[in-house]
2 protein chains.
Amino acid sequence: MSTTTRKASPARRTRRTPAADAPQTLDALAATDPRLPLYQRLKDAFVAQLASRRWRPGEAIPTEAELCRAYGASIGTVRHAIELLALDGLLEKTPGRGTFVRTPSFEGSLFRFFRHRAGGEDRVPQGRILSRAVRLPPSEVGESLRMAPRERAIVLERLRSFDDVPFLCEEIWLPQSRFAALARLPLAEFGNLLYPQYERHCGQTVASAREHLSVAQARGVVADRLRLAPGAPVVVIERLAFGYDRSPLEWRRSHGIAERFRYDVDIR
Amino acid sequence: MSTTTRKASPARRTRRTPAADAPQTLDALAATDPRLPLYQRLKDAFVAQLASRRWRPGEAIPTEAELCRAYGASIGTVRHAIELLALDGLLEKTPGRGTFVRTPSFEGSLFRFFRHRAGGEDRVPQGRILSRAVRLPPSEVGESLRMAPRERAIVLERLRSFDDVPFLCEEIWLPQSRFAALARLPLAEFGNLLYPQYERHCGQTVASAREHLSVAQARGVVADRLRLAPGAPVVVIERLAFGYDRSPLEWRRSHGIAERFRYDVDIR
DNA sequence: GAGTGGTCTAGACCACGAA
DNA sequence: TCGTGGTCTAGACCACTCG
């Protein structure tokens with residue numbers, strides 16, 4: 001993986017002053033459900049820090065000892081909460097250095113589904129925007145994104161290729177309220193990865209997603225774009241992506257060449 | 001804050017003297033890698049209890065307090081080890097009752113992949129054995145199962161259906177050394193589920209598995225059995241199943257009707 | 001009421017990374 | 001050398017299940 005796996009350099013390790021931090025942290029804890037165990041409430045409070053961007057991707061969160069003081073909990077309890085967030089993939093602990101906010105870069109999740117013939121390591125596939133428009137979304141999409149009845153959405157068509165050989169075409173819907181900046185961004189400035197653009201231009205961090213897979217046969221536009229004969233098998237991936245606060249951010253439907261599909265699962 | 005008695009000079013490193021009532025448990029701990037953290041060694045020791053069938057599926061394991069005494073560790077450390085095994089799906093904790101060895105029943109994993117039209121709840125699909133033979137396995141299978149060069153294997157062909165409509169056909173390979181009893185079991189006594197038979201007749205418990213998915217087009221025998229036109233898309237699932245000790249037990253390749261395939265993934 | 005796992009504390013010492 | 005997270009202890013009290 002050649003992209004975005006960099007860790008925060010020690011120079012970027014920014015620490016907040018406890019004085020400025022303390023009032024918010026206590027509010028954050030007070031805002032959680034008091035019937036829950038303390039470690040769950042701490043977890044919720046930490047997620048709130050992530051959602052509010054007080055803790056930012058790539059940066060270190062306060063040390064465990066500091067969190068103990070700030071939230072008035074014992075170190076074992078604080079560690080329990082952090083451990084859960086690390087299991088969720090939101091935080092990353094590094095012995096001797098600290099605990100960091102993970103930069104979620106699972107655009108590379110395509111590697112889970114599609115092999116590409118390039119010898120050696122994984123590269124990010126090319127991503128070319130074919131079209132952009134602003135319009136009312138289909139009801140399925142609008143409901144999934146929990147959009148207001150008459151709210152418009154940005155819709156992108158995108159073709160992904162390895163070495164200029166297309167293997168996946170995507171249809172992407174984004175609520176205009178959150179992503180207005182993307183409606184004006186020159187198409188040339190969309191790179192190969194979308195989620196960093198969401199972060200940079202719209203302050204929206206994708207923290208998790210749910211995908212649904214099925215198999216269909218290629219027709220019409222999809223067959224044309226993927227250069228497939230009508231009837232050839234394609235894999236359909238529908239994805240709903242969420243922010244730290246679990247609110248839906250993006251709806252996406254992708255069609256990929258089934259011949260290049262593969263997936264590994266561990267069952268326990 | 002508690003009202004406990006405080007010692008002026010703690011710093012006790014006193015190891016509990018091994019109780020006379022637990023000889024095997026201490027052996028089990030001694031057999032683990034002493035360079036590992038204690039909670040990892042405990043986990044390995046507990047897995048050994050599972051593999052040796054001293055702890056059996058469905059039964060309760062000793063209480064946390066008993067394990068503390070038996071292994072000379074603190075309750076937090078014992079809990080840590082148990083927690084890991086619960087996350088792995090090997091144990092199941094029930095508040096107020098105890099911790100139990102899970103009966104791995106992920107034959108139902110098919111429900112992850114194939115929808116069936118039956119209204120309401122999930123039922124186990126029918127499984128009919130079409131053939132059984134004993135022969136040398138293909139090298140790919142033999143190597144996956146880590147079999148000796150000239151060792152023979154039992155091979156089963158099996159057709160799975162809902163309401164007598166087939167949707168999946170399977171080719172299953174088992175090393176004869178472990179599964180000799182299955183070569184003699186009357187075909188009528190194979191039920192709809194295989195793994196319980198492995199357990200009952202051969203003392204082999206499937207604890208985990210790795211699956212590889214891809215998409216192909218139906219040909220020959222597969223097309224016939226699934227009643228598909230040649231060229232229709234099928235999903236290919238290759239599974240390698242493992243025991244508690246991670247040794248491979250079963251190799252399986254399944255072909256399923258792609259139209260009925262679906263799969264949900266959560267990404268983080 | 002006895003026993004279980006669930007939660008929580010308030011420390012200790014350690015290995016490791018960075019300066 | 002100092003600060004970090006990793007490991008571990010030796011308890012406490014709680015909610016829950018079961019007989």
Side-chain angles (χ1 to χ4, degrees), chain A residues 7-15 18 29 32-44 46 59-87 91-102, chain B residues 1-17 29 32-46 59-87 91-102:
Chain A
K7 293 196 172 176
S9 68
R12 293 190 40 176
R13 185 192 181 89
T14 58
R15 277 275 148 72
L29 191 55
T32 60
D33 188 336
R35 296 168 302 183
L36 261 34
L38 181 52
Y39 72 92
Q40 291 280 9
R41 301 176 64 197
L42 286 176
K43 178 185 165 183
D44 292 347
F46 296 166
E59 295 180 359
I61 72 171
T63 68
E64 295 177 347
E66 281 171 352
L67 291 171
C68 289
R69 286 194 293 276
Y71 291 89
S74 160
I75 188 157
T77 308
V78 166
R79 284 183 60 81
H80 194 169
I82 291 177
E83 192 61 44
L84 292 180
L85 291 172
L87 285 175
L91 298 179
E92 193 164 20
K93 305 203 275 186
T94 310
R97 297 220 309 131
T99 299
F100 297 82
V101 180
R102 251 190 46 158
Chain B
M1 311 307 160
S2 56
T3 65
T4 61
T5 62
R6 320 230 167 208
K7 294 182 180 175
S9 60
R12 287 281 127 70
R13 250 4 200 196
T14 52
R15 271 291 140 71
R16 223 176 273 280
T17 62
L29 191 54
T32 61
D33 188 337
R35 296 166 303 180
L36 261 36
L38 182 51
Y39 71 92
Q40 292 279 10
R41 302 177 63 196
L42 287 175
K43 179 185 165 185
D44 292 347
F46 296 166
E59 296 179 358
I61 71 170
T63 70
E64 296 178 347
E66 282 171 352
L67 292 171
C68 288
R69 286 192 295 277
Y71 291 91
S74 161
I75 188 157
T77 308
V78 167
R79 285 183 59 80
H80 194 169
I82 291 177
E83 192 61 44
L84 292 179
L85 291 173
L87 285 175
L91 299 179
E92 193 164 19
K93 305 204 274 187
T94 310
R97 299 219 311 126
T99 299
F100 296 82
V101 180
R102 250 189 47 156

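Chain naming here is simple, since letters A, B, ... match the order of the sequence lines and numbering starts at 1 in each.
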| message | Return whichever of B:Gly98 or A:Ala73 has its heavy-atom-nearest nucleotide of DNA chain C closer to the 5' end. | response | B:Gly98

| message | In this structure, how many angstroms lie between the C1' atom of D:dT7 and the OH atom of B:Tyr39, rounded? | response | 8 Å

| query | Which one, D:dT9, D:dT7, D:dC18, comes nearest to the side chain of B:Arg97? | reply | D:dC18

| B:Lys43 NZ to D:dG6 P, straight-line distance once rounded to whole Å | 17 Å

| note | To the nearest angstrom, the OH-C1' distance between A:Tyr71 and C:dC8 comes to 18 Å

| task | Compare the minimum distances between each of D:dG5, C:dG5, D:dT7 and the side chain of A:Thr63, then state the nucleotide with the smallest one. | result | D:dG5

| task | Check the distance between D:dG5's C1' and A:Ile75's CD1 and give it to me in whole angstrom. | result | 8 Å

| said: Please give me the minimum heavy-atom distance between B:Thr32 and B:Ala45, naming the atom from each residue. | reply: CG2-N, 4.0 Å

| note | Taking C:dG5, D:dT9, C:dA18 as options, the one with an atom nearest any side-chain atom of B:Thr99 is C:dG5

| query | Given atom CZ of B:Arg79 and atom P of C:dT7, what is their separation to the nearest angstrom? | reply | 7 Å

| Any donor-acceptor pair under 3.5 Å from A:Ser74 side chain to A:Thr77 backbone | no

| Are the aromatic ring centres of A:Tyr71 and A:Phe46 under 6.0 angstrom apart? | yes

| remark: Ranking A:Thr77 and A:Pro95 by the position along DNA chain C of their nearest nucleotide, the one closer to 5' is A:Thr77

| field | Distance in angstrom units between B:Leu38 CG and C:dC14 P, rounded | value | 16 Å

| In whole angstrom, what separates B:His80's NE2 from C:dG6's C1'? | 16 Å

| field | Under 3.5 Å donor-acceptor, A:Arg41 side chain and A:Leu29 backbone | value | yes

| Looking across every strand, which nucleic acid part, if any, lies under 4.0 Å from A:Ile82 by heavy atom: base, sugar-phosphate, or nothing? | nothing

| request: Look at the side chain of A:Lys93 and decide which nucleotide, out of D:dC18, D:dG6, C:dA10, has an atom nearest to it. | output: D:dG6

| message | If we ignore hydrogens and angles and just use 3.5 Å, is the side chain of A:Gln40 paired with the main-chain N or O of A:Pro37 as donor and acceptor? | response | no

| request: Take the protein atom CZ of B:Arg41 and the nucleotide atom P of D:dC8, then report the distance between them rounded to whole Å. | output: 9 Å

